[in-house]
Amino acid sequence: MKKEERKPQNTKSLIISIILWTLGAIAVLLVLFWDVMFQDPSMKLFVMQKPIAGTDPIEYQTLYGFDAMGYWFSRNYSTLVFTVVAIAVVVLLVAALSVIGRTLRVKNKKIATTLSLVFSFLKWGVIIAGVVIILTKWMPGQMKAIIASIGIIALIIGLGCQTLISDVVAGIFLVADDAFEVGDIVVIDDFRGTVTEIGLKTTKLEDTGGNVKVISNSSIHTLVNLTNALSLAIVDVSIPYEENLARTETLLVQRLKDMHKRVNGIVEGPYYKGVEDMADSAVILRVIAKVKEEDRFQVTRDIKRDIYIFLNENAITVPYPQLTITQGPNPADHPEWVDKEKEENKAQKEIKKQQEESRNTEQVNDVK
């Protein structure tokens with residue numbers, strides 16, 4: 001078995017990853033062992049003041065390095081445990097909301113759209129609530145300071161993440177304006193798919209192949225909602241020029257009258273629209289039917305099958321490209337051509353001779 005060749009791009013990415021992980025490990029080790037490497041108190045990173053028991057007034061012992069870190073952990077381990085548990089609970093709640101949002105199936109599109117937006121709100125609400133609770137645990141009795149900090153953070157986020165805010169506002173207006181709903185088939189940026197989720201920041205589309213496209217709400221400038229109205233299933237039928245057009249049209253119209261009984265998914269029609277084109281080897285007839293967008297492709301296939309059966313039943317041929325080959329005359333049957341061939345060969349020799357003799361007399365410059 002041949003060894004799999006590693007692409008240069010993959011090798012480059014691997015080298016960059018190794019370098020970054022190495023630098024990160026060195027940075028962590030430097031932080032942890034900084035106080036061990038530098039004995040000067042002014043260079044210490046971890047410094048804690050530990051009260052000495054039994055002293056009045058209270059005296060403090062200065063701790064450095066691992067001693068300071070150990071003392072800090074001994075005083076804050078309960079808060080650390082609470083923080084880890086709170087983060088785990090927030091992650092689990094967000095994951096649970098995501099799973100419920102993906103698996104919950106509601107037939108009413110309006111309710112499904114509202115639920116999608118509500119779940120998105122809930123996920124962000126859980127994250128914000130978790131941050132506030134953790135800050136309250138670390139800063140007890142300082143709710144005003146926490147609220148002020150959150151306000152400052154929100155202001156910084158607002159200035160630095162204007163795109164995020166635009167996505168959120170655009171998502172709210174998309175739902176409020178009923179531009180589309182979960183379950184609708186839409187075309188956005190030349191991508192046709194079914195809306196599976198409308199969130200605060202993004203909208204997700206899934207095409208018939210299972211490909212999912214995530215689009216920022218603020219980048220949705222042009223949108224075609226194919227679900228709002230019935231779509232057209234268009235079928236072109238080719239017949240040869242030799243076929244009787246009037247007879248074919250009469251039989252085809254009769255066939256279309258009861259086609260909806262054989263083809264499921266036709267809402268209106270089908271209708272015969274007439275001669276669409278006169279191609280190189282066929283006359284093109286057009287048939288249309290109004291269907292739901294989600295049924296358009298399958299109905300088109302079923303109509304084509306039914307029309308093909310109709311053509312066979314009525315001995316109407318289907319045109320196909322034909323090639324006519326004509327064999328040229330045999331020179332042996334024309335002796336008079338022999339002299340002409342000799343003259344042609346003689347002329348070619350004279351021409352080549354003239355070209356050789358005049359090889360160095362070609363015009364080089366454009367000066368006349």
Check for me, please, whether [X] and [Y] land in the same ILVMFWY cluster - side-chain distances under 4.5 Å, paths through other members count.
| X | Y | value |
| --- | --- | --- |
| Ile26 | Leu20 | no |
| Leu285 | Phe310 | yes |
| Ile316 | Met259 | yes |
| Tyr271 | Ile303 | no |
| Val237 | Val253 | yes |

Are [X] and [Y] packed together at the side-chain level, in the sense that at least one heavy-atom pair is separated by less than 4.5 angstrom?
| X | Y | value |
| --- | --- | --- |
| Leu205 | Ile188 | yes |
| Asp306 | Arg255 | yes |
| Ile284 | Met278 | no |
| Leu80 | Val84 | no |
| Ile87 | Ile134 | yes |
| Leu245 | Val275 | yes |
| Thr317 | Glu243 | yes |
| Leu232 | Lys290 | yes |

| request: Only counting residues at least two apart or in another chain, list the ones meeting side chain to side chain contact (heavy atoms under 4.5 Å, CB included) with Val90. | output: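 Expected list: Val94, Val126, Ile127.
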About how many Å separate [atom2] of [Y] and [atom1] of [X], when rounded to the nearest 0.5 Å?
| X | Y | atom1 | atom2 | value |
| --- | --- | --- | --- | --- |
| Asn314 | Thr250 | CG | OG1 | 11.0 Å |
| Leu256 | Tyr272 | CG | OH | 9.5 Å |
| Thr300 | Asp236 | OG1 | CG | 10.5 Å |
| Asn264 | Asp295 | CG | CG | 9.5 Å |
| Lys273 | Arg286 | NZ | CZ | 10.0 Å |
| Ile239 | Thr248 | CD1 | OG1 | 4.0 Å |

| request: Could you please spell out the steps behind the salt bridge (charged side-chain N to carboxylate O under 4.0 Å, His left out) verdict for Asp302 and Arg262? | output: CA-CA 9 Å; Asp302 294 340; Arg262 297 183 299 274; over 6 Å; no
| task | Quick one: do Arg192 and Glu293 satisfy salt bridge (charged side-chain N to carboxylate O under 4.0 Å, His left out)? Show the steps, please. | result | CA-CA 11 Å; Arg192 179 186 182 276; Glu293 176 60 26; 2.3 Å; yes
Can you tell me if [X] has over 12 outside heavy atoms packed within less than 6.0 Å of its [atom1]?
| X | atom1 | result |
| --- | --- | --- |
| Asp280 | CG | no |
| Arg247 | CZ | yes |
| Tyr308 | OH | no |
| Lys213 | NZ | yes |

| query | Ser231 and Arg296: which non-hydrogen atoms are nearest, and at how many Å? | reply |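 Looking at all heavy atoms of both residues, the closest pair is CB-CD, 3.8 Å.
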Give a yes or no on whether the backbone of [Y] and the side-chain of [X] come within a donor-acceptor separation of less than 3.5 Å.
| X | Y | value |
| --- | --- | --- |
| Asn244 | Ala246 | yes |
| Thr194 | Ile185 | no |
| Asp207 | Gly210 | yes |

| request: Step by step, work out the side chain to side chain contact (heavy atoms under 4.5 Å, CB included) result for Thr203 and Val195. | output: CA-CA 7 Å; Thr203 295; Val195 180; 4.2 Å; yes
